[in-house]
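Just the heavy atoms: all of them, side chains too, but no hydrogens, waters or symmetry mates, feed the values below. For reference, positions follow the sequence shown, starting with 1.
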Amino acid sequence: MPVSGGNTNNSRAIGDVVDVVRPESGVCAGTIVEDFVDVLSASNDLGRDWAQPRRWAVALETGVLVFVDDADLDDADLDEGDTDDASRKR
């Protein structure tokens with residue numbers, strides 16, 4: 001598994017509990033299980049505009065695995081002044 005956040009300034013990491021905003025079902029809680037930042041490429045490199053790769057794999061509390069981008073995660077769980085990573089982990 002790649003180390004989460006190694007190439008970004010994002011403060012999310014594997015194991016963080018997050019809220020995922022899903023258009024069809026509202027907000028669902030889940031845990032980040034994988035970070036695909038190291039394998040993402042620009043959409044132009046794929047030669048298609050459909051089935052784009054997503055940054056995060058999140059296991060929802062409902063048992064469903066979803067693949068989402070940063071925009072699909074609710075930022076309310078991030079506290080800019082919070083340096084205690086344990087509060088975001090399960």
Item to check | Pairwise distance CG(Asp19) to CG(Asp75) - rounded to 0.5 angstrom | outcome: 10.5 Å

Item to check | Audit row: Arg54, Val66, side chain to side chain contact (heavy atoms under 4.5 Å, CB included) steps and yes/no | outcome: CA-CA 9 Å; Arg54 304 291 180 209; Val66 295; over 6 Å; no

Checklist entry - Looking at Leu65 and Ala59, what are the two nearest heavy atoms and their distance? => result CD1-N, 4.0 Å

Checklist entry - What's the shortest heavy-atom distance between Val33 and Ile14, and which atoms? => result O-CG2, 3.9 Å

Checklist entry - Does Asp35 use its side chain to pair, donor to acceptor, with the backbone of Val37 at less than 3.5 Å? => result yes

Checklist entry - Would Val17 and Val21 show up in the same hydrophobic cluster when neighbours are defined by side-chain heavy atoms closer than 4.5 Å? => result no

Next on the checklist: When you group the ILVMFWY residues by side-chain heavy-atom contacts below 4.5 Å and let the links chain together, are Val18 and Val64 in the same group?
Outcome noted: yes

Checklist outcome for this item: Only one of Asp70, Asp38, Asp72 passes salt bridge (Lys or Arg N to Asp or Glu O under 4.0 Å) with Arg55, and that residue is Asp70

Checklist outcome for this item: The reported gap from CH2 in Trp56 to CZ in Phe36 (rounded to nearest 0.5 angstrom) is 10.5 Å

Next on the checklist: Quick check for you: to the nearest 0.5 Å, what is the distance between Ile32 atom CD1 and Arg12 atom CZ?
Outcome noted: 6.0 Å

